[in-house]
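In each ligand, atom 1 is the first atom listed, and ligand 1 is the first ligand listed. We're numbering straight along the sequence, starting at 1. Values in this document were obtained by computation on a predicted structure and should not be read as measured data.
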Amino acid sequence: MSWEASTDNDLSTRWSSGQTQRAGEWLQVDLGSEQSFDTLFMNSGTSWGDYARGYEVYVSNDGENWGEAVFTGAGASPSLAVSLGAQRARFLKIMLTAPSDSWWSIAEIKLARFGEPGSQPPVQEPGTDKPEDLPGWTVTASSSADEERPSHMLDGDIHTRWTSGQPQAGGEWLEIDLGTAHTFDTVILDPGGSTDDYPRSYKVYVSEDSQSWGDAVASGAGEPGMLEMTLPPQTARYIRIVQTGESDKWWSVAELSVVYYGIGKQRQLTPADWVISASANSDLSQTGAMLDGDMFTRWTSGAEQKGGEWIMLDLGEATPLDKIVMDSGSSRDDYARGYEVYLSSDAENWSGPVASGEGKGPIITAVFPLQTARYVKIVQTGEDLHWWSISELGLFTADNDDHGSSDR
Ligand SMILES: [Ca+2]
Ligand SMILES: [Ca+2]
């Protein structure tokens with residue numbers, strides 16, 4: 001299988017074993033030269049069931065000496081993302097270790113390098129953190145009001161907050177000490193119920209020693225509600241967020257997270273001529289509420305979540321994207337209990353889910369390696385007595401513009 005043919009981004013062409021899966025069957029890829037990578041993606045495309053059931057992954061520099069498997073696992077979906085650890089090699093071999101009644105097909109295979117070699121995995125998952133799990137972080141601030149102290153940003157409780165206790169004048173700061181150096185590309189400030197207490201504008205700095213900070217690695221304007229500040233991937237121990245705007249509101253944060261999504265700095269796509277449809281209440285006057293920029297208008301399924309409900313976007317043209325945010329706004333309990341994201345160039349042939357997971361709160365963030373698609377389908381896969389409602393749907397793409405790092 002040649003590397004070029006397998007990465008043509010066309011999910012309708014595929015390699016197939018042409019026989020039911022047997023242990024010992026293998027697929028080898030020659031990258032042409034030594035490459036650094038840490039993640040393998042295999043996608044069965046429209047041949048849904050033809051994913052590898054049990055498999056091992058080997059790497060080699062000469063195509064002859066393979067050593068021990070760098071990964072052993074079992075596939076459970078048509079879209080497999082495999083963490084290999086930091087590797088540098090020219091050849092890759094995938095070997096089946098289990099039989100199956102299905103063929104083995106791969107529509108697309110990709111390698112990616114997300115982390116710095118030897119870096120840590122995500123330091124903290126948003127929404128899933130428990131105080132006892134926090135790995136020795138501390139946060140300090142330029143000021144606090146009474147009992148609303150900085151540690152409230154890390155206590156896992158959305159109802160406790162830190163606040164600056166004074167109108168925003170510019171120059172207020174938060175400093176996070178992660179204990180040791182970590183790799184991250186997103187800092188999330190959740191104001192909880194204090195939705196107007198967001199930083200009017202901000203700059204983000206990182207440091208190894210909390211002494212030398214260099215230029216800002218990101219800057220931007222705040223927005224009401226939760227603020228995700230995305231950065232080019234950083235490896236550092238200290239993070240400083242400086243509020244640079246002015247407002248008669250205080251600056252308050254109920255929960256703070258530092259996350260490594262592996263997709264770097266992001267830019268939100270503007271819903272120009274997008275058309276959005278849905279499995280229920282599909283009229284554009286209803287679905288359009290997901291894209292109108294108003295947190296107080298929403299689309300809702302109008303029925304208990306049963307699994308199989310969907311919404312579909314037509315972006316009008318092929319568009320690179322790597323992150324989707326579903327925000328249920330004030331319908332806090334109406335989040336999808338489970339979700340899968342599918343992409344297509346023609347609304348007929350769909351990728352296997354590029355992202356899937358469980359919803360755990362009113363804001364669901366789905367990330368995946370950058371892909372180009374015109375159509376996006378999100379399927380609700382859970383069951384719950386609540387309806388499925390979305391106030392705002394955001395699509396994001398990699399932002400390679402370097403503005404924000406030039407000035408301090
Ligand atoms: Ca809190
Ligand atoms: Ca809305």
Asker: Quick check: are there more than 12 heavy atoms from other residues, nucleotides or ligands sitting under 6.0 Å from CZ of R88?
Answerer: yes
Asker: Looking at Y55, I'd like to know if the NZ or CZ of R53 sits under 6.0 Å from its six-membered ring centre while staying within 45 degrees of the ring's axis.
Answerer: no
Asker: Check the side chains of R267 and T397 for a donor-acceptor pair under 3.5 angstrom, ignoring hydrogens and angles.
Answerer: no
Asker: Counting heavy atoms not belonging to E358, are there more than 12 under 6.0 Å from its CD?
Answerer: no
Asker: Within less than 3.0 Å of the Ca ion (ligand 2), how many protein N/O/S atoms are there?
Answerer: 7
Asker: Answer yes or no: does atom CG of D209 have more than 12 heavy-atom neighbours from other residues, nucleotides or ligands under 6.0 Å?
Answerer: yes
Asker: Run the numbers on R237 and D177 for salt bridge (charged side-chain N to carboxylate O under 4.0 Å, His left out), then give the verdict.
Answerer: CA-CA 6 Å; R237 173 172 168 177; D177 177 358; 2.8 Å; yes
Asker: Protein N/O/S atoms under 3.0 Å from the Ca ion (ligand 1): how many?
Answerer: 7
Asker: Among E172, R200, K203, exactly one meets side chain to side chain donor-acceptor pair (under 3.5 Å) together with Q243. Which residue is that?
Answerer: E172
Asker: Looking at D185 and Y261, would you say the former's side chain and the latter's main chain have a donor-acceptor pair under 3.5 Å?
Answerer: yes
Asker: Could you tell me the separation between the CZ atom of R298 and the CD atom of E392, rounded to the nearest 0.5 Å?
Answerer: 13.5 Å
